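All values reported here derive from a predicted model rather than from experimental measurement. Counting starts at 1 for both ligands and their atoms, following the listed order. Side chains are part of it too, since the values below use all heavy atoms of this structure and drop only hydrogens, waters and symmetry mates.
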Amino acid sequence: MAGKRILLVIAGGIAAYKSLELIRRLKERGASVRAVLTKAGAEFVTPLSVQALTEDTVYRDLWSLTDESEMGHIQLSRDADLLVVAPATADLLARMAAGMADDLAATVLLATDKPVLVAPAMNVRMWEHPATRANMALLESRGVLRVGPNDGAMACGEYGAGRMAEPMEILEAVAAFFARANAPEPPAGRPLAGRRALVTSGPTHEPIDPVRYIANRSSGKQGHAIAAALAELGAEVTLVTGPVRIPDPPGCSVRAVETAREMLAACEAALPADIAVCAAAVADWRVAGSSDRKLKKGAAGPPALTLTENPDILATLSRAGERRPALVVGFAAETGDVVEYATAKRARKGCDWIVANDVSPGTGTFGGDENTVHLITADGVEPWPRLGKDAVAARLAGAIAARFTGNIPAEETA
Ligand code: PMT
């Protein structure tokens, strides 16, 4: 971070005292720090402390002739490599989301053409309020970066999410930003370079005893083709696959599992990811109390199997809170009323997109080489022609790349 110029916006929250430590840490790493202190921020830390630590003027007032003559607010907003807002209060996030310019901090954040990293800090109920969540989601969809907030005891006596990230965490986020910014440009034709994708594929095997299991006819062809297509577009792909007899797709890290519960654990271990595509045919049920010895034929006749529900991996990833991938795509295998059932499944499981495929016996979808699908998103239902599974995968990977590179905001696709 040596030589990098940080513009630190300190808004009015009790966590402002941590920003003094942040300035020290940034300077230790060789960055130069210039600060904008809001009126409320100055209630928590003194301009003198900020000035002493930054060794620079502290900019405070949009209407100050002194500030403007030293550096106009437009230049101030552009004369930095990164803007860091710490603490980012609910009020300042709301003003940023609304594009307001009613004080120097908001004006600088509106006028800047540089990346912005925010470290939210507020009471837990304020953080969880739908207004703040919507403001934060809007800012993130515009490319604003975020670190924290953390869970913990708050100055107001409540407990929960809302504590500002620690100075060292903010420092790491700043360092990670510059590491990414200094990374070489992704080669053309690899629009998903720098994105992490998680793909599930194949069936699961749910043991009855050590030699018998319940399974389904999924071959893994569709899921593996999707993993390969995403890797082809530059994504760093982790493929979590049930037992299949096809080769590993090129360019992917492969985790082989057997049961639904193992698949869920492997998926959770693969987070964080930007993209999750759940193409596996996960068994909805497993045998309750499966035997660890081979069941014997006997006079009592065949054993009765009791089934119990498996965890739903797609629903779990879709509701993973902070760790939720930005785009979660499910599959729906239906044998009738495909679009209707798949649309309901998309809502029930909470994924962004669902790929509906007809798996009636005559279609040969399970195990075959072709698939006829509908892509269902918030924008509607898109019927695709009958295609080879590789072509379905390439088309889906293309749509995913367009979602990330075409700046289609998450809420338009969710
Ligand atoms: O493997 P192939 O032979 O190439 O066949 C491809 C396919 C037909 C298996 C594939 O295209 C497909 O449809 N996969 C999803 C099969 C399925 O389990 O569908 P479902 O409607 O039961 O489940 C809906 C979604 O929830 C799927 O994304 C599934 O991965 C997920 N799920 C289901 C149950 C569960 N316990 N956990 C899950 O994550």
Side-chain angles (χ1 to χ4, degrees), residues 198-206 214-229 239-247 249 257-268 270-271 275-287 307-320 324-325 327-376 384 386-393 395-397:
L198 163 65
V199 179
T200 69
S201 182
T204 62
H205 286 184
E206 307 297 333
I214 297 176
N216 60 64
R217 297 178 196 282
S218 168
S219 61
K221 287 179 187 171
Q222 187 63 86
H224 280 50
I226 292 166
L239 172 69
V240 180
T241 177
V244 294
R245 292 171 188 210
I246 56 174
V257 298
E258 292 214 350
T259 65
R261 285 184 293 176
E262 288 169 7
M263 187 172 274
L264 175 62
C267 286
E268 285 180 326
L271 295 179
I275 303 152
V277 181
C278 294
V282 185
D284 288 318
W285 307 285
R286 66 179 183 277
V287 177
L307 300 180
T308 185
E309 201 154 319
N310 264 331
D312 193 308
I313 299 162
L314 175 61
T316 306
L317 293 174
S318 298
R319 305 206 163 93
R324 184 193 197 276
L327 181 67
V328 181
V329 183
F331 265 73
E334 306 294 347
T335 51
D337 298 321
V338 175
V339 170
E340 196 183 326
Y341 280 127
T343 303
K345 210 169 259 182
R346 172 176 168 268
R348 196 169 63 246
K349 301 213 180 198
C351 55
D352 302 302
W353 299 355
I354 203 154
V355 181
N357 45 196
D358 188 343
V359 296
S360 322
T363 60
T365 305
F366 263 98
D369 292 323
E370 294 189 332
N371 205 350
T372 311
V373 309
H374 289 77
L375 178 64
I376 303 175
W384 291 5
R386 185 159 187 80
L387 295 167
K389 284 183 177 170
D390 286 345
V392 169
R395 193 162 167 169
L396 182 64

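- Heavy atoms of Gly367 approach ligand 1 to within less than 4.0 angstrom.
- When non-hydrogen atoms are compared, ligand 1 lies under 4.0 Å from neither the backbone nor the side chain of Pro203.
- Atom SG in Cys267 sits 12.0 Å away from atom CD in Glu262 (nearest 0.5 Å).
- Counting only heavy atoms of the protein, atom 32 (N) of ligand 1 lies nearest to Lys349 NZ, 3.7 Å.
- Of the options Val257, Thr259, Leu264, a side-chain contact (heavy atoms from CB on, under 4.5 Å) to Arg261 is made by Thr259 and by none of the others.
- Nearest protein heavy-atom neighbour of atom 30 (O) of ligand 1: Ala280 O, 2.6 Å.
- For Ser201 (side chain) and Thr241 (main-chain N/O), no donor-acceptor pair under 3.5 Å exists by modelled atom type.
- Each of the atoms 1 (O), 2 (P), 3 (O), 9 (C) of ligand 1 lies under 4.0 Å from some heavy atom of Ser218.
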Ignoring hydrogens and angles, write down the donor-acceptor pairs under 3.5 Å from the side chains of residues 332-343, residues two or more places apart or on other chains.
{"unit_1": "Glu334", "atom_1": "OE2", "unit_2": "Lys345", "atom_2": "NZ", "d": "2.8"}
{"unit_1": "Thr343", "atom_1": "OG1", "unit_2": "Val339", "atom_2": "O", "d": "2.6"}

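- If you look at Val282 next to ligand 1, the close heavy atoms, those under 4.0 Å, come from the backbone and the side chain alike.
- With a 4.0 Å heavy-atom cut-off, ligand 1 is reached by the backbone of Ala279 but not by any atom from C-beta on.
- On a distance-only criterion, Gly202 and ligand 1 share no N/O pair closer than 3.5 Å.
- With hydrogens left out, the protein atom closest to atom 27 (C) of ligand 1 is Phe331 O, 2.9 Å, a heavy atom.
- Counting heavy atoms only, Leu314 comes closest to atom 31 (C) of ligand 1 of the residues Thr316, Leu314, Val244, Asp284.
- Atoms of ligand 1 found under 4.0 Å from any heavy atom of Gln222 (numbered from 1 in listed order, with element): 4 (O), 6 (C), 11 (O).
- At under 3.5 Å, a nitrogen or oxygen of Cys278, whether backbone or side chain, sits near a nitrogen or oxygen of ligand 1.
- Ligand 1 has no nitrogen or oxygen under 3.5 angstrom from a nitrogen or oxygen of Arg217.
- Per-residue contacts place Phe366 under 4.0 angstrom from the following atoms of ligand 1 (heavy atoms of the residue considered): 3 (O), 9 (C).
- Those atoms of ligand 1 that come under 4.0 Å of a heavy atom in Ala332, given as number and element, are 21 (O).
- Remark: side-chain polar atoms of Arg286 are not paired, donor with acceptor, to backbone N or O of Leu307 under 3.5 angstrom.
- At the top of the distance list for atom 18 (O) of ligand 1, counting protein heavy atoms only, stands Ala281 CA, 3.4 Å.
- Scanning Ile246, Ile313, Val277 for the heavy atom closest to atom 37 (N) of ligand 1 points to Ile313.
- Taking every non-hydrogen atom of Gly330 and a distance limit under 4.0 Å, the qualifying atoms of ligand 1 come out as 28 (O).
- Across all non-hydrogen atoms, the minimal contact from Gly202 to Val244 is CA-CG1, 3.8 Å.
- Which parts of ligand 1 touch Lys345 is read off a 4.0 Å heavy-atom cut-off, strictly below it: atoms 20 (P), 21 (O), 24 (C).
- Residues His224 and Leu239 meet the side-chain proximity criterion, which asks for heavy atoms closer than 4.5 Å.
- Minimum interatomic distance between Pro325 and Leu271 (heavy atoms only, all atoms of both residues): CG-CD2, 4.0 Å.
- Judged by distance alone, the side chain of Gln222 and the main-chain N or O of Lys389 form a donor-acceptor pair under 3.5 Å.
- Comparing Glu334, Lys221, Arg261, Lys389 by heavy-atom distance to atom 5 (O) of ligand 1, the nearest is Lys389.
- When Ser318, Ala356, Pro311 are ranked by how near their heavy atoms come to atom 36 (N) of ligand 1, first place goes to Pro311.
- An N or O contact shorter than 3.5 Å is missing between Thr200 and ligand 1 by distance.
- Applying the side chain to side chain donor-acceptor pair (under 3.5 Å) test to every pair with at least one member in residues 354-364, sequence neighbours left out, gives these pairs: Asn357-Asn371, Asp358-Ser360, Thr363-Thr365.
- Ile226 has its side chain within reach of Phe331: a pair of non-hydrogen atoms, C-beta onward, lies under 4.5 Å apart.
- Judged by distance alone, the side chain of Arg324 and the main-chain N or O of Ser318 form a donor-acceptor pair under 3.5 Å.
- What sits closest to atom 13 (O) of ligand 1 on the protein, heavy atoms only, is Asn357 ND2, 2.9 Å.
- For the pair Thr200 (side chain) and Ala280 (backbone), a donor-acceptor distance under 3.5 Å is present.
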